Each structure stands twice: as C-alpha cells, then as structure tokens.
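Here the structure comes first, spelled out in structure tokens, and everything after it is commentary.
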Number of protein chains: 2
Amino acid sequence: MTEEKKNINILYVEDDMNLGFVVKEVLEEKGYTVKHCMDGDDAIQKFGTDSFQLCILDIMLPNKDGFEVAEFIRKVDASVPIIFLSAKSLSDDKIKGLKIGADDYITKPFSTEEFLLRVENLLKRTGTLDNDGADKDVFPIGKYTFNYKEYCLILGDDIKRLTEREANLLRLLCLHKNQIITREVLLKSVWGKDDYFTGRSMDVFISKLRKYLSLDENVKIQVVHGIGFKMIIPN
Amino acid sequence: MTEEKKNINILYVEDDMNLGFVVKEVLEEKGYTVKHCMDGDDAIQKFGTDSFQLCILDIMLPNKDGFEVAEFIRKVDASVPIIFLSAKSLSDDKIKGLKIGADDYITKPFSTEEFLLRVENLLKRTGTLDNDGADKDVFPIGKYTFNYKEYCLILGDDIKRLTEREANLLRLLCLHKNQIITREVLLKSVWGKDDYFTGRSMDVFISKLRKYLSLDENVKIQVVHGIGFKMIIPN
DNA sequence: ATATACGATTAACAGCCTATTAACGCTCTA
DNA sequence: TAGAGCGTTAATAGGCTGTTAATCGTATAT
C-alpha cells in the first residue's frame, strides 16, 4: 500500500512554517510526495512545471490567497482535486471555496487522523488511490490468487470455489505467511474453540487446502510439530 | 439544468420533521427527486427497492443510526455517494463517518446555500450531473437486457415482464454481478426482514429468475452455500 | 357483492453440500 | 520404542437449497 502512494504528488501551500512542517511530515510518512510552497505565486509556478494528483491550499496566504490560486489551477486543470484549509469557520469563505469547486474544506484546527482520512477519501473518489480496502481481501499465493471476499482461489482460468471455513482458514495462513501460526490461534480464530475434535477437523481442512494449492510446488503448508503450521509463499 | 436534475433520486433520512421538510423542499425546488425516510430500517428497505444517486443521512436516528445505515448501503452499492448530517461537530463522529467512506460531512446548522453547493459538487464529482444518470436502471445481463424501471427482461424480440419483487431482487444481483451477495443483505433490502419463511420465499424467486435467465448459458446465479448468491455475468 | 386474476407466501419433498467424526496409517519426539 | 501428533480418506448427520404445488391475500372487473 505504502509503495503505491509514493507515486502520488501533492501540492501543499501553507505559509505557517510550523503547521506546514507537521502536515508535510504526516503526509510523507504515509508515502505521499509533497511539494510545499509558502505563497501563491510559488504555487502557481510549481503547478505549471509539475503534475499533481491533489492540491491542498491554505486560504490566508501572502501575495495571492488560496482562492486565487485555486482559480488559476482550475483554469489549467479542471479535474485535479482541491482541499482548502481555513482558520475561519466563516460560512462565507466556505461558500466561496465550494463555488470555485473545492472538493473538500477543512477547518483549522484539525486532527491529523481526520486530515489523512479526508485526503485518502478524496484520492479514492477521484480514482487516484485504488478503491477501498479491497486489497486486504486479495492475497497472492505463488501462482495462485486468493480472493477472500469471493471465497475463491484462482490459478489461470481455473477458479476453485472455497467454503467459508476454508476461506477463513486460508486467510489466516496468508496473514501469517512465512511465519509460524499456532494451532490454538487458528482454532480460536476460525472455530472459536480449541478442543480435540475441532483440532482434527482443522487437520482435515489443512489437508484440503494443501490439495487445492498443490499445483504450485513452491507453495507449502508446513507442519510445525506440536505447535502449528507455517505457510511458505515465495516472493 | 433543472430539467436534467429531475432524473436524480436522493435518499434523505432525517427524523426531525421540521428540518426534514425544509431540506426536502429546498432540494425539490432545485429539481431533485427526494425520498424522505424517518428511520434507518425504512431507509434500508427503500434503498433495496429503488435506485438513488445520492444518500443524505442524519446520524442521530431512531432505531438504527446513520452509520449503520451507511454501512448497509455500502454493502449494497459501494459507489453511491453519501453525505452525513450531524448536530455534533465532534471529531469522533466525523472520523467514524469518513472511515465508513462518507463523501461529505455537514455540521448542523448549515445554510441552504452551502448545503446545495455541497450536494452539487458531490454530484459533479461522481459524474451524475453530466450524463443524465438514466443508465443506472438498465443492466446488461449476457444476451439479456434488464430494465429495472420497466420491470422487464429483454432478449431479442422477447420481452418478459417481471413482477416488482422479481425486479428488485434481480437489480440487487446486478449491482453485485460477479460478487457474492449475502442472503441477509438481499432479504433486508428487498423484503425488509430476514427470517426463515422470507428466506424460503426468496429461494422461490431465485428459482424463477434462474428459469428466466436460462436461455443464456453463460449467465448463472450460483449459490454460495450458507452465505448467499453470486450472479455470474460474462463480460 | 361476487368472481376472477395475479402475485406472494407457505408447505412439502427431494436433493445437495458441508463440517464433523471415525478410522487407519504414518511421523515425529521424548 | 511408545505414545502423542498429524495426514488422509471415507462415511454420516444435519442444515441448506431447488423446485413444484397449494394456499393466501389483494386488486380488479363484472
């Protein structure tokens, strides 16, 4: 996830050094690339010489205010998403921003969590970020692809449908790929209880999963005797 | 402009009669069609039996709160834009809403001007305003064409008329084509309740739909045992 | 008011699917 | 080497689904 974001360029215009530094840090920590400008003219020029997937504009700026910058940006690129930051919660400013076509409007002070969520949501909306946490439900397993939500295991044209139990178990193994996961954890997570018969039942499922995955010899569900299992997935 | 908007359906959930009435008026004056629900359960069912281009949800609701409604709606349609209304400007609520995937978050009280601007902006963003969102009710299903609004299923010259229930059910399957949709979601959306007999009733409808769709062998309504169904529509 | 038509629900039965249990043989470890 | 742990296959029971037919309820026409 983080690697994908590295390609996302954000133009950030803010004259408050302190806030500016913090916000830049926060965004960069999440893997975004951030160009930070201190005033409107600088921003306009940056926009002309680089391409951005998102613009975050403070409204109060020396030289040219955020609205003017936004209007300019809109002339150059009508679709790039724009977020305004404002110290005032004055409705007039808000409305002016919305009229220009702001995509979001955040009032200072804001929590970094809220800020990041808004940024992410906006990028998702505009299709820059891949949609929802769907990534979390698709696991590559060697030559296979395992789609947890759809309960299926895909290899080429072949789509093997899994039962709910099979899928739950396989998902846990994927979340711990190349690591040992104990029988207890598996049993408590998937079955909710840990006794002899449930354990034997799980062994039957492990057996099935091995069979399903047998067409890629590099993928293995190893047993760790007396402890649990370890699914080997080569990179 | 106003004429185009006539095709835009808005689901509005608000238990405050006074505010509800005003907002409905304001939106309708702009040419939108507004379905106003008073509580969450009602909204969920409305969503299952009609198609909306925008949902506006109050957070404080009797029965089910706005977040729950949103989560359900997201299960049925992952892309429909959602705006939350909230009396509290509490950051926690905001964050919760954004996490669920709200597209905007408006704090009461708000001016009608700001409100309308946000609605329009959101609709522009999602492209609903451009193409007069008529497509939303016509679904290609393999060789068939399903027209939800007209309750009919067309294959060549043959026009099969569907009942309302049949159409509602088929629509939901279409919205989730090639994806698993759970029995619970189908039942809550189409019937508004989820019990044994309603479930059996649904099975009868599924059986009918399969029969209607049997002339295209590439179209299948698969069962996902213990979970729900998955309609396969080849591209 | 009565008859009719239609759609939806309920009933009934058959068939299917799945998780579990049992059984047996093998492997690992103490 | 004994005993516990695991791999695998097969059988079973119980729940879930597919389908048809009967019944119920409501709207419509006579």
Side-chain angles (χ1 to χ4, degrees), chain A residues 151-153 159-173 180-214 217 219-232, chain B residues 45 48-49 148 150-153 160-173 180-214 217 219-232:
Chain A
Y151 296 161
C152 63
L153 189 62
I159 298 182
K160 168 70 192 167
R161 301 215 293 126
L162 304 178
T163 69
E164 191 181 19
R165 277 267 149 86
E166 289 167 350
N168 286 334
L169 184 57
L170 185 53
R171 173 169 158 274
L172 278 191
L173 291 169
I180 292 175
I181 181 168
T182 65
R183 295 179 69 88
E184 193 201 351
V185 168
L186 289 171
L187 288 167
K188 289 251 177 78
S189 304
V190 178
W191 278 267
K193 60 180 177 178
D194 174 5
D195 57 34
Y196 172 76
F197 285 115
T198 314
R200 295 320 331 269
S201 200
M202 178 170 72
D203 289 326
V204 174
F205 277 86
I206 292 286
S207 177
K208 282 186 203 160
L209 290 181
R210 283 190 178 122
K211 203 175 284 174
Y212 301 157
L213 292 169
S214 61
E217 59 196 358
V219 172
K220 281 187 283 284
I221 302 178
Q222 294 179 343
V223 65
V224 184
H225 200 271
I227 306 293
F229 298 94
K230 179 172 173 177
M231 184 162 71
I232 306 293
Chain B
Q45 203 184 337
T49 58
Y148 173 59
E150 299 298 325
Y151 295 166
C152 64
L153 189 62
K160 168 69 192 167
R161 285 193 57 76
L162 302 179
T163 70
E164 191 179 7
R165 278 267 147 86
E166 289 167 349
N168 287 335
L169 185 56
L170 185 53
R171 171 172 158 271
L172 281 190
L173 290 170
I180 292 174
I181 182 167
T182 65
R183 295 179 70 89
E184 192 203 351
V185 167
L186 289 170
L187 289 167
K188 290 247 180 84
S189 303
V190 178
W191 279 267
K193 60 181 175 176
D194 174 4
D195 58 34
Y196 172 77
F197 285 114
T198 314
R200 293 324 327 271
S201 199
M202 179 169 71
D203 288 325
V204 174
F205 277 86
I206 292 286
S207 177
K208 283 185 203 159
L209 290 181
R210 283 193 178 120
K211 205 174 281 174
Y212 301 158
L213 292 170
S214 61
E217 60 195 358
V219 173
K220 281 187 284 284
I221 301 178
Q222 293 180 342
V223 65
V224 183
H225 197 94
I227 305 294
F229 298 94
K230 179 170 175 176
M231 183 162 71
I232 306 293

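Here is the naming used below: chain letters follow the sequence lines, and residue numbers restart at 1 for every chain. Quantities reported herein were computed from a predicted structural model and do not represent experimental measurements.
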Have a look at [X] and say if it touches a base, only the backbone sugar-phosphate, or nothing, with a 4.0 Å heavy-atom cut-off.
{"X": "A:Arg183", "result": "sugar-phosphate"}
{"X": "A:Thr163", "result": "sugar-phosphate"}
{"X": "B:Tyr196", "result": "nothing"}

Check against side chain to side chain contact (heavy atoms under 4.5 Å, CB included), B:Leu186 and B:Met202 | CA-CA 9 Å; B:Leu186 289 170; B:Met202 179 169 71; 3.7 Å; yes
Whole-Å gap separating [atom2] ([N]) and [atom1] ([X]):
{"X": "A:Phe197", "N": "D:dG5", "atom1": "CZ", "atom2": "P", "value": "14 Å"}
{"X": "B:Asp203", "N": "D:dG15", "atom1": "CG", "atom2": "C1'", "value": "13 Å"}
{"X": "A:Ile221", "N": "D:dC6", "atom1": "CD1", "atom2": "P", "value": "14 Å"}
{"X": "A:Arg210", "N": "D:dG7", "atom1": "CZ", "atom2": "C1'", "value": "7 Å"}
{"X": "A:Glu164", "N": "D:dG15", "atom1": "CD", "atom2": "C1'", "value": "14 Å"}
{"X": "A:Lys230", "N": "D:dC6", "atom1": "NZ", "atom2": "C1'", "value": "18 Å"}
{"X": "B:Leu187", "N": "D:dC16", "atom1": "CG", "atom2": "P", "value": "13 Å"}

Side-chain donor-acceptor contact under 3.5 Å, A:Tyr212 with A:Glu166 | yes
Min and max contacting nt of DNA chain C in 5' to 3' order, chain B heavy atoms within under 4.0 angstrom, are C:dG7 to C:dT18
Between its two end axes (five pairs each) the helix from C:dA1-D:dT30 to C:dA30-D:dT1 turns, nearest 10 degrees, through 30°
Residue pair [X] / [Y]: nearest heavy atoms and the distance that separates them:
{"X": "A:Ile181", "Y": "A:Leu172", "answer": "CD1-O, 4.2 Å"}
{"X": "A:Arg161", "Y": "B:Val223", "answer": "NH2-O, 3.0 Å"}
{"X": "B:Arg171", "Y": "B:Thr49", "answer": "NH1-N, 4.2 Å"}

Backbone N or O of B:Val185 within a donor-acceptor pair of the B:Ser189 side chain at under 3.5 Å?
-> yes
Whether A:Ser201 side chain and A:Thr198 backbone form a donor-acceptor pair below 3.5 Å | no
Closest nucleotide of DNA chain C for A:Asp195 versus for A:His225: which of these residues is on the 5' side?
-> A:Asp195
Assign each of A:Phe205 and B:Thr198 to its nearest nucleotide of DNA chain C by heavy atoms, then name whichever residue's nucleotide is nearer the 5' end.
-> B:Thr198
Provide a list of protein-nucleic acid N or O atom pairs under 3.5 angstrom, restricted to nucleotides 20-25 of chain D.
from, atom 1, to, atom 2, distance (Å)
D:dT20, OP2, B:Lys211, NZ, 3.0

Does A:Phe205 have any ring pair (Phe, Tyr, Trp, His ring centres under 6.0 Å) partners at least two apart in sequence or in another chain, and if so, which?
-> A:Trp191
Can you name the residues that form a salt bridge (charged side-chain N to carboxylate O under 4.0 Å, His left out) with B:Glu150, not counting sequence neighbours?
-> none
Any residue meeting side-chain hydrogen bond (donor to acceptor under 3.5 Å, both in side chains) with B:Lys220, in chain and number order, not counting sequence neighbours = none
Any donor-acceptor N/O pair under 3.5 Å between D:dG7 base and A:Arg200 side chain = yes
Test applied, side chain to side chain contact (heavy atoms under 4.5 Å, CB included); reference residue, B:Leu209; option that passes from B:Leu153, B:Ile221, B:Val204 | B:Ile221
To the nearest 0.5 Å, tell me how far B:Ile206 CD1 sits from B:Leu213 CG.
-> 10.0 Å
